[in-house]
Protein chains: 2
Amino acid sequence: MKTIDILKKLRSSRLRPTKQRVEIAKFLFEREKTFHFTVESLNKLLTKKSNSKIALATIYNTVHAFKAAGHLSEVEVRGNKTYFDTNVSNHHHFYDSETSELIDIDANDIIIQKLPKAPNGKKIKNVEVFINLKN
Amino acid sequence: MKTIDILKKLRSSRLRPTKQRVEIAKFLFEREKTFHFTVESLNKLLTKKSNSKIALATIYNTVHAFKAAGHLSEVEVRGNKTYFDTNVSNHHHFYDSETSELIDIDANDIIIQKLPKAPNGKKIKNVEVFINLKN
DNA sequence: TTTCACTTTAGAATAATTATAAACTAGATT
DNA sequence: AATCTAGTTTATAATTATTCTAAAGTGAAA
C-alpha cells in the first residue's frame with residue numbers, strides 16, 4: 001500500500017493523519033502479507049525500526065482507532081493474548097500455541113454444513129473457527 | 001454430583017480434598033446444567049453463598065488446578081474475559097456480547113464439511129467454533 | 001496566522017493475574 | 001493418637017496489560 005493511499009485511508013475514516021498515525025499505518029499496511037501483532041510486539045518493532053519513540057498510550061489509541069475504523073481486526077487466543085490482524089476480511093485462524101503464532105485461513109477453506117439456530121430473539125453476527133495446532 | 005463423587009474426583013486427580021477445594025468443587029459440580037463463570041464472578045458467588053471467605057489467590061489456584069485436571073475448560077471471548085466452563089466435553093459456543101453470556105453448543109450441532117490441512121509438521125489439536133450473536 | 005477540536009504524551013491509576021513467603025493442614029509414618 | 005512433611009492457603013506484594021488524566025502539541029479550517 002502506497003503512502004498516498006495510507007493518507008486516504010486515514011482521512012476517509014476521519015482520522016487525522018498525524019505523524020504517529022502515519023508512521024504506524026505505514027508500518028502496518030505497507031506490506032504484502034497480512035500481519036499479526038500484539039500492542040506489545042508492535043511497540044517493540046516500532047521502537048527498533050525508527051528512533052522516534054511513540055508513546056505506548058498512543059499505540060493503544062491508534063490500534064483501537066484503526067480497529068474501530070475497520071482497518072484492523074482483533075483475534076483472541078488462549079492465554080490472554082490479544083492479537084490484531086491486518087486482514088479484515090472474513091476469515092478464520094490456526095493457532096500454534098508452541099510458537100504463539102496465528103495463521104490466517106481463507107473463509108473459503110472452511111465450509112460449515114450444519115449450524116445451530118441462534119437463541120430466541122438473537123441473530124448470528126459471525127462465525128469464527130479457531131483451529132488449535134499441536135506438533 | 002454427590003459429595004462422595006466430588007471427593008473421588010479430587011482424589012483421582014491427586015488434588016487433596018481441602019476444605020476450600022471441596023467447597024469450590026461442590027459449588028461448581030453439584031448442579032444439573034453446565035456452568036460458565038469468571039474467577040471474579042465465582043469469587044463473588046462464593047462470598048455471597050458462604051460466610052467463610054476463601055482467598056482470591058486460592059480461587060485462582062483451584063480453578064487452574066481443576067482445569068489442569070480436566071474438570072474445567074477455558075473459553076476466551078472478546079474483551080479479555082476468560083470464562084471457565086464446567087462442560088469439558090468437546091463442544092462449541094455462542095457468545096452474546098450484549099449480555100456477556102456464553103451458551104454451549106453441542107458438538108453434534110455443528111458439522112464442518114471442509115477443513116484446511118494443518119501447516120507442515122503440525123497436526124490439528126482441536127477445532128473451536130465461536131458464534132457471535134447480535135440482537 | 002490564528003484558532004480550536006483533536007492528539008499525543010508522561011505518568012498515574014486500575015484491573016487481572018501471579019509470585020512470595022509464612023502459616024496451616026491432610027494424610028502418611030511412627 | 002502424636003508427629004511429620006509435602007502440599008495448600010493466605011495476605012500481601014509484584015507484575016502485566018490497559019486505560020485514564022491533564023497538560024502540551026498540532027492539523028487543518030477559517
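Chain letters run A, B, ... following the sequence lines, proteins first, then strands; residues in each count from 1. If you're wondering where the values come from, they're calculated on a predicted model, not measured in any experiment.
- Comparing C/dT8, C/dT7, C/dA10 against the side chain of A/A57 picks out C/dA10 as the nearest.
- In summary, the side chains of A/N87 and A/D85 do not present any donor paired with an acceptor at a separation below 3.5 Å, with no hydrogens or angles considered.
- Classified by interplanar angle (parallel below 30°, tilted 30° to 60°, perpendicular above 60°), the ring pair B/H71/B/F29 is perpendicular.
- Within the structure, a side-chain polar atom (N or O) of A/R21 is placed less than 4.0 Å from OP1 or OP2 of C/dT7.
- Taking atom NZ of residue B/K44 and atom C1' of nucleotide C/dA15, one finds them 12 Å apart after rounding to whole Å.
- Across A/F94 and B/P116, no two heavy atoms sit closer than the pair CZ-CG, 3.7 Å.
- Residues A/F27 and A/F37 place their aromatic rings such that the two centres sit no closer than 6.0 Å.
- Separating the CZ atom of A/R14 from the P atom of C/dC6 is a distance of 11 Å, rounded to the nearest angstrom.
- A sub-4.0 Å separation between OP1 or OP2 of D/dT18 and a side-chain N or O of A/H64 is absent.
- Listed nucleotides: C/dA26, C/dT7, D/dT10. Nearest to the side chain of B/P17: C/dA26.
- As rounded to whole Å, 5 Å separates atom P of C/dT8 from atom CD of A/Q20.
- Between the CG atom of A/L42 and the P atom of D/dA17 there is a distance of 14 Å, rounded to whole Å.
- In terms of position on DNA chain D, the residue among B/L15 and A/R11 whose nearest nucleotide sits closer to the 5' end is B/L15.
- Using a distance-only test at 3.5 Å, with no hydrogens or angles considered, a donor-acceptor pair links the side chain of A/H92 to the main chain of A/V129.
- Straight-line distance from the CG atom of A/L10 to the P atom of D/dA28: 10 Å, rounded to whole Å.
- Note: CD1 (A/I59) to P (D/dT18) measures 12 Å, nearest angstrom.
- Rounded to whole Å, the distance from CD on B/E74 to C1' on C/dT17 is 12 Å.
- At least one side-chain nitrogen or oxygen of B/Y60 sits closer than 4.0 Å to the OP1 or OP2 atom of C/dT17.
- Using a 4.0 Å heavy-atom distance criterion, B/T18 is classed as a sugar-phosphate-only contact.
- Toward the 5′ end of DNA chain C lies the nearest nucleotide of B/V39, the other residue of the pair B/V39 and B/K19 mapping further downstream.
- The separation between A/N61 atom CG and C/dA10 atom C1' is 13 Å, rounded to whole Å.
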